[in-house]
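Here's the structure, in structure tokens; my notes come after.
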There are 2 protein chains.
Amino acid sequence: MKVTALEEYGLRCMLLFAGNDNRAPLTLPKISTAEGLSLPYAGKLLMILKKAGLVRAVRGRNGGYSLTKPAHEITLQEILAALGNSLHGSHHCDRFSVNNEDCIHTGNCVIGGIWSTFDNYIQGMLANITLADIALGKFGLQNNPVTKP
Amino acid sequence: MKVTALEEYGLRCMLLFAGNDNRAPLTLPKISTAEGLSLPYAGKLLMILKKAGLVRAVRGRNGGYSLTKPAHEITLQEILAALGNSLHGSHHCDRFSVNNEDCIHTGNCVIGGIWSTFDNYIQGMLANITLADIALGKFGLQNNPVTKP
DNA sequence: ATTATACTATACTGTTTTGTATAGTATTAA
DNA sequence: TTAATACTATACAAAACAGTATAGTATAAT
């Protein structure tokens, strides 16, 4: 299981905004130096976040990027969904068919069940953590709630 | 967030064993046709599982692979740990330093906190699901146990 | 109007991941 | 002992991902 680069750096950029609430928009040069990213790469990230509706861009002098809603209304789920695919989606069987047209496990696939359960579990957690929570370090977890029916 | 190919196909192979408890060892040709994998690729997967101690190999005629312990004693956590890295480990900061020597967020990195919490959360879930559970579809989850201290 | 500043788009390169090809080595039934 | 069967190892090719380079377009202060 891997965190992709877009998810990592995209989340870092979002956190930059969380610490910048209600101030002047952040420019691409500022973002790129703050996060150690090249300017075009920062541009690519912010473009993704913009297309997802998490960020708004103002062009020209005195322009820059800012959040479209307050940090405490943005969930980690929204952010990660914008930056990459979920662990188990409709594309899953296409990815893992080893160059065949169809996955070999048509019909009752037990693998799909476990990933899907796993993914729901994770999404539930992500939906309950906001960008503001992360910026303030205000999140935690209880013990393993796995049940065996 | 992505499931890697090794994780997906490796888990599929392990499930093949779970449905084969106490019978003759599974040969590489059988595994490769059952899962639609090329023979050398199946070999690579089983080699990884063998090095992790999850599977034992017997060479020569009548040989093949079998589990080193019963399916109900093997957790999903062990299996995925053998097949890939965890979501947040010691290598995390190295991966995301954008070709610089050090990550730009030295010291109090709030990103590390969220991934680490997230990873612990996931590991806890994985440790409570066994290969036998998966094979029988016997697993589930409760509602989101996120706390905000 | 001009110019500096800022966002936008596309093409390109290197690295990692995926998966294959090929050539071995070991064991056992006959 | 021979041959069939099975595991093991290394090198290679293709695709996806990560990150850079370059060339624009838009806005507003002067």
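As the structure is a prediction and not an experimental result, all values here were calculated from the model.
Projected onto DNA chain D by closest heavy-atom contact, V98(B) and K2(B) fall at different nucleotides, the more 5' of which corresponds to K2(B). Nucleotides of DNA chain C nearest to T27(A) and A5(B) differ in position, and the one nearer the 5' end is that of T27(A).
Between Y65(B) and dT8(D), a side-chain N or O to OP1/OP2 separation shorter than 4.0 Å is present. Look at K44(B) and you won't find any side-chain N or O under 4.0 angstrom from OP1 or OP2 of dT8(D). Distances shorter than 4.0 Å separate some side-chain N or O of K50(B) from OP1 or OP2 on dT8(D).
Taking atom CG of L49(A) as the reference point, atom P of dC7(C) lies 13 Å away to the nearest angstrom. We find that CG of L46(A) is positioned 12 Å from C1' of dT8(C), with the value rounded to whole Å. For L28(A) and dG19(D), the CG to P distance is 16 Å, given to the nearest whole Å. Atom-to-atom, CD of E35(B) to P of dG19(C) comes out at 13 Å; the value is rounded to the nearest Å. Protein atom CE of M47(B) is 17 Å distant from nucleotide atom P of dT20(C), rounded to whole Å. The distance between atom CD1 of I48(B) and atom C1' of dT8(D), rounded to the nearest whole Å, is 13 Å. One interatomic measurement links the two molecules: CD of E8(B) to P of dT17(C), which rounds to 18 Å at whole-angstrom precision. In this entry the distance linking CZ of R56(A) with P of dT27(D) reads 16 Å, nearest Å.
R56(A) is linked by a side chain to side chain contact (heavy atoms under 4.5 Å, CB included) to S66(A), T68(A), counting only residues two or more places apart in sequence or in another chain. Contacts of E73(A) classified as salt bridge (Lys or Arg N to Asp or Glu O under 4.0 Å), with partners at least two apart in sequence or in another chain: none. Residues satisfying the salt bridge (Lys or Arg N to Asp or Glu O under 4.0 Å) test with E8(A), not counting sequence neighbours, are R12(A). With sequence neighbours left out, A127(A) forms a side chain to side chain contact (heavy atoms under 4.5 Å, CB included) with Q77(A). Every residue was checked against the salt bridge (Lys or Arg N to Asp or Glu O under 4.0 Å) condition with E7(A), not counting sequence neighbours, and none meets it.
Residues D133(B) and T130(B) bring a donor and an acceptor atom of their side chains to less than 3.5 Å of each other.
L26(B) comes within 4.0 angstrom of the backbone, heavy atoms only, and of no base. If you check every strand for non-hydrogen atoms under 4.0 Å, L39(B) touches nothing.
Across residues 87-95 of chain A, not one residue has a non-hydrogen atom less than 4.0 Å from an atom of DNA chain C.
If you check dG19(D), dC7(D), dA6(C) against the side chain of P29(A), the one that comes closest is dA6(C). Distance from the side chain of Y41(A) is smallest to dT20(D) among dA9(D), dT20(D), dT18(C). When distances are taken from the side chain of Y9(B) to each of dG19(D), dT8(C), dG19(C), the shortest belongs to dG19(C).
Residue pairs meeting the salt bridge (Lys or Arg N to Asp or Glu O under 4.0 Å) criterion with at least one member in residues 80-98 of chain A, sequence neighbours excluded, do not occur. Within the structure, the side chain to side chain donor-acceptor pair (under 3.5 Å) test picks out the following pairs touching residues 24-48 of chain A (sequence neighbours left out): E35(A)-H105(B).
K2(A) is listed as a side-chain neighbour of T4(B), based on a closest heavy-atom distance under 4.5 Å.
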Summarise how protein sits on nucleotides 21-30 of chain C as a single string, 5' to 3': B when a protein heavy atom is under 4.0 Å from the base, S for sugar-phosphate-only contact, - for no contact.
BB--BBBBS-

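Note: H88(B) and H92(B) have tilted aromatic rings, judged against thresholds of 30 and 60 degrees for the angle between ring planes.
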